[in-house]
Asks: 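Below: one structure in structure tokens.
Quick note: numbers below take in every heavy atom, side chains included, and nothing from hydrogens, waters or symmetry partners. Quick note on labels: first sequence line is chain A, next is B, and so on, each numbered from 1.
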Number of protein chains: 2
Amino acid sequence: MNLLTLDKRVSMNIIPFSMKINPTPPCVGRPKGFDPDEALEKAMQVFWQKGYEGASLSDLTESMGINRPSLYATFGNKEELFLKVLNRYGEGPAGYVLEALNEATARAVIEKLLRSTVEMLGDPKHPRGCLAVQSALCCGDEANDVQKKTRAFRVAGQKSIFERFERAQQDGDLPASVSADDLARYVAMLLYGLSIQSANGATHEEMKSVIEFALKTLPF
Amino acid sequence: MNLLTLDKRVSMNIIPFSMKINPTPPCVGRPKGFDPDEALEKAMQVFWQKGYEGASLSDLTESMGINRPSLYATFGNKEELFLKVLNRYGEGPAGYVLEALNEATARAVIEKLLRSTVEMLGDPKHPRGCLAVQSALCCGDEANDVQKKTRAFRVAGQKSIFERFERAQQDGDLPASVSADDLARYVAMLLYGLSIQSANGATHEEMKSVIEFALKTLPF
DNA sequence: GTTGTTTTGTATCGAACGGTATGAATCTAT
DNA sequence: ATAGATTCATACCGTTCGATACAAAACAAC
């Protein structure tokens, strides 16, 4: 789910010629005492549970097992760290969203989206809820950029679902009588709603039960 | 929507006999230079937009038009102020939820809930989204109490809807084949989902359109 | 006018925030 | 071994956080 281009050095074409960007990690100097990938995973857990504003640098460095200078040297700052976490979230725990769009029919896409979401939200390895929904839903002025980018992340996911339904109508497996826009927004609503249900403490079984109800009401 | 007992002095029965609590404002001393009700309204707008953690005391006092000592003397502290705001939210902008339960049938209740929610979320007088969903969805350790009480607020609303559907089954206007638990959770999901849709920037018309779609799929 | 009570404005508290300067430590290359 | 490069650990920066101490100001009662 590569919805955002996070590396400004690449996206803005600042670097001339074909200068390589970190082609391989530097072979000189003291090696890192930690695995940046593992550290990023830990950071994701913290942001997932406490949100962008609620996660302090002390929370982050403690969970990541590194100290502040290492964090800043490796990830930039708190905001850049969060954006890298968001990207990781889209490719990892939320990667099922784009995968589900490969299902054969609109109906199958929706079933896969709902069932995968419930599986993800019910996984006790993660904090409750959806990181993209809850970690920067509303915040103070300083975190406005993070809020906007997290919202753009959600909107991009909904747009992908919408485009898949448009294709489904061309393929003929989605009746032309239903609006692809309404349907995409409706499905996104269900996913968002499940996220809040999870945050409310709904059990895995309860969520499984409610999406079966929702699927039964689908008119196609 | 009096879902929470916010005044601990009352709920815990600390005060002996029938000692009155602020029966009438004191007639001696310098009078307040502001209207606490108006100030609370302003505070609600701030928490609604920035969330509990994102709203600083400077944000609050500036919008409320008072200074810090006045805020603390009148509302206790930041947490108590938020809880009073949450109570006000339940009785004001979100008061339609309990009102909707007075509709004659389960179907009418759902229609009223969805349409009233869209009207509330589409009102440009308020910040986007639902205060009870977004203002303390996840946060740091210090705000854990606020998070729990906000979650309890949401869960209480869902429970009220559930109990209304149970009654509807006794009344016979909701088929016994549908689970009242599933249906209440489903409707709450739609309301939560609408809140996130609103935060995502969905227009009033888009939300109106998607709930009409959702209502069309209802099997009763 | 004096006293007693409450509110307001200012100035500030200790703690925590995000972020960094600095030097010791640890590696490769020669 | 030495030099060069990078990372790590400590200690600290300025700012902002929520919360208050204190005294002047504004009222009612007498």
Asks: Is A:Lys50 salt-bridged to B:Glu53, cutoff N-O under 4.0 Å?
Replies: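 Result for this pair is no, no salt bridge flagged.
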Asks: Using the rule given for salt bridge (Lys or Arg N to Asp or Glu O under 4.0 Å), can you reason through A:Asp145 versus A:Lys149, listing the C-alpha separation, both sets of side-chain angles and the distance that settles it, and then say yes or no?
Replies: CA-CA 6 Å; A:Asp145 277 2; A:Lys149 284 172 180 164; 5.1 Å; no
Asks: In terms of side-chain heavy atoms of B:Ser56, which of D:dG18, D:dT7, C:dG18 is nearest?
Replies: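 Taking heavy atoms from C-beta onward, the closest nucleotide is D:dG18.
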Asks: Once you round it to whole Å, what is the distance between P of D:dC17 and CG of A:Leu57?
Replies: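 Roughly 16 Å, once rounded to whole Å.
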Asks: Looking at C:dG19, C:dA21, D:dC27, which one has an atom nearest to any side-chain atom of A:Pro69?
Replies: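 Comparing C:dG19, C:dA21, D:dC27 against the side chain of A:Pro69, the answer is C:dA21.
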Asks: Here's a test of your reading of the structure: between B:Tyr72 and A:Ser70, which maps to the more 5' nucleotide of DNA chain D?
Replies: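 Result: A:Ser70.
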Asks: Check every strand shown and say whether B:Ala55 touches a base, only sugar-phosphate, or nothing at a heavy-atom separation below 4.0 Å.
Replies: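 Result for B:Ala55 = sugar-phosphate.
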Asks: Do the side chains of B:Tyr72 and B:Leu57 get nearer than 4.5 Å, heavy atoms only?
Replies: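 Counting from C-beta outward, B:Leu57 and B:Tyr72 do come under 4.5 Å.
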Asks: Quick check for you: to the nearest 0.5 Å, what is the distance between A:Arg68 atom CZ and A:Thr61 atom OG1?
Replies: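 Result: 5.5 Å between the selected atoms.
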Asks: Could you state the OH-P distance from B:Tyr52 to D:dC17, rounded to the nearest angstrom?
Replies: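 Taking OH of B:Tyr52 and P of D:dC17, I get 14 Å after rounding.
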Asks: Could you state the atom-to-atom distance from CG of B:Asn77 to P of D:dC17 in whole Å?
Replies: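 In whole Å, D:dC17 P lies 17 Å from B:Asn77 CG.
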Asks: Round to the nearest Å and state the distance from B:Phe75 atom CZ to C:dT8 atom P.
Replies: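 The distance from CZ of B:Phe75 to P of C:dT8 comes to 11 Å, rounded to the nearest Å.
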Asks: D:dA21 P sits how many Å from B:Asn67 CG, rounded?
Replies: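 Distance check: B:Asn67 CG to D:dA21 P gives 15 Å.
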Asks: Measure from the side chain of A:Arg68, starting at C-beta and using heavy atoms only, and say which of C:dT8, D:dA9, C:dG19 lies closest.
Replies: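 Nearest nucleotide to the side chain: C:dG19.
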Asks: Using heavy atoms to find the nearest nucleotide of DNA chain C for B:Gly33 and A:Pro31 separately, return the residue whose nucleotide is more 5′.
Replies: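 With B:Gly33 and A:Pro31 compared, the 5'-side residue is B:Gly33.
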Asks: In terms of side-chain heavy atoms of A:Lys78, which of C:dG18, D:dA19, D:dT10 is nearest?
Replies: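 That would be C:dG18.
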Asks: Rounded to whole Å, please give me the gap between CG in A:Leu71 and P in D:dT10.
Replies: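 Atom CG in A:Leu71 sits about 17 Å away from atom P in D:dT10.
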Asks: Does the side chain of A:Glu41 pick up a donor-acceptor pair with the side chain of A:Gln45 at under 3.5 Å?
Replies: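 A:Gln45 and A:Glu41 do have a side-chain donor-acceptor pair below 3.5 Å.
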Asks: Could you tell me whether the side chain of B:Arg30 has a donor or acceptor atom within less than 3.5 Å of a complementary atom in the base of C:dT6?
Replies: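 Side chain to base: no pair below 3.5 Å.
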Asks: Measure the distance from CD1 on A:Ile66 to P on D:dA9 and round it to the nearest whole Å.
Replies: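 From A:Ile66 CD1 to D:dA9 P: 10 Å.
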Asks: Looking at the side chain of B:Glu142, which of C:dA16, D:dG18, D:dA5 is the nearest nucleotide?
Replies: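 Selected nucleotide (nearest to the side chain): C:dA16.
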Asks: Measure the distance from CZ on A:Phe34 to C1' on D:dT6 and round it to the nearest whole Å.
Replies: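 A:Phe34 atom CZ is separated from D:dT6 atom C1' by 12 Å.
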